Amino acid sequence: RLGSLDRKIDADGFQGLLILRLLPIVPFNLLNYVAGLTTIPWREYASATAIGILPGTVVYVLFSDALLSGSAAAGRGALLRAGIAGMILVVFSLVTRQFLRRKRASSQS
């Protein structure tokens with residue numbers, strides 16, 4: 001099983017790891033461990049991780065800012081910011097997925 005996973009990661013490398021980093025349901029520590037068992041180059045791992053954690057970081061920062069603002073009017077603002085942040089995360093994930101599909105399709109042609 002590990003051999004087939006290693007071949008898949010070796011073939012997809014950056015793209016596969018980036019997609020997994022963008023999915024909020026994949027446990028971060030488990031993904032780190034599995035990536036460490038494969039032959040993915042360090043630069044690809046680091047760059048996919050750096051790009052993949054940006055949307056989640058933005059969501060957490062915006063949501064935390066809304067929670068810490070502390071005024072009564074901030075409740076509505078917090079909900080609005082959380083909604084916007086969630087939408088950004090979903091849109092970024094979908095756009096990245098489409099971009100990678102098109103890139104993969106053009107490279108196979």
Side-chain angles (χ1 to χ4, degrees):
R1 285 185 157 182
L2 190 56
S4 67
L5 176 66
D6 196 30
R7 285 188 298 277
K8 177 103 171 110
I9 293 214
D10 192 34
D12 292 334
F14 176 82
Q15 295 173 356
L17 186 60
L18 179 62
I19 289 170
L20 290 173
R21 287 284 187 219
L22 290 171
L23 296 174
I25 60 171
V26 178
F28 202 81
N29 290 335
L30 180 63
L31 186 56
N32 289 342
Y33 184 73
V34 170
L37 295 175
T38 64
T39 58
I40 187 170
W42 184 84
R43 288 182 187 212
E44 287 185 19
Y45 171 81
S47 58
T49 298
I51 294 169
I53 65 173
L54 283 176
T57 302
V58 169
V59 168
Y60 289 133
V61 168
L62 288 174
F63 188 68
S64 298
D65 178 53
L67 287 176
L68 294 175
S69 60
S71 70
R76 208 173 304 140
L79 185 59
L80 179 63
R81 287 183 185 147
I84 290 172
M87 299 268 298
I88 289 171
L89 184 61
V90 168
V91 167
F92 188 76
S93 297
L94 293 175
V95 167
T96 303
R97 187 174 178 193
Q98 282 296 106
F99 173 76
L100 293 175
R101 278 186 182 169
R102 287 182 185 169
K103 187 174 180 182
R104 187 178 294 155
S106 69
S107 68
Q108 289 178 352
S109 318

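Quick caveat, the model's predicted, so the values are computed rather than measured.
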| task | Report the hydrophobic cluster partners of Val90, with the cluster defined as I, L, V, M, F, W, Y residues connected by side-chain heavy atoms closer than 4.5 angstrom, directly or transitively. | result | Leu94

| note | Value for CD1 (Ile51) from CZ (Phe14), rounded to nearest 0.5 Å, stands at 4.0 Å

| CA sep, side-chain torsions, deciding dist, call: Val58, Phe92, side chain to side chain contact (heavy atoms under 4.5 Å, CB included) | CA-CA 11 Å; Val58 169; Phe92 188 76; over 6 Å; no

| field | Whether Gln15 side chain and Leu100 backbone form a donor-acceptor pair below 3.5 Å | value | no

Which atom pairs, donor and acceptor, lie under 3.5 Å between side-chain atoms of residues 17-26 and protein residues at least two apart or in another chain?
| from | atom 1 | to | atom 2 | distance (Å) |
| --- | --- | --- | --- | --- |
| Arg21 | NE | Thr49 | OG1 | 3.2 |
| Arg21 | NH1 | Asn32 | OD1 | 3.3 |
| Arg21 | NH2 | Asn32 | OD1 | 2.6 |
| Arg21 | NH2 | Tyr45 | OH | 3.3 |
| Arg21 | NH2 | Thr49 | OG1 | 3.2 |

| Is Phe28 atom CZ crowded by more than 12 heavy atoms from other residues, nucleotides or ligands, each under 6.0 Å away? | yes

| request: Could you tell me the separation between the CG atom of Leu89 and the OH atom of Tyr60, rounded to the nearest 0.5 Å? | output: 9.0 Å

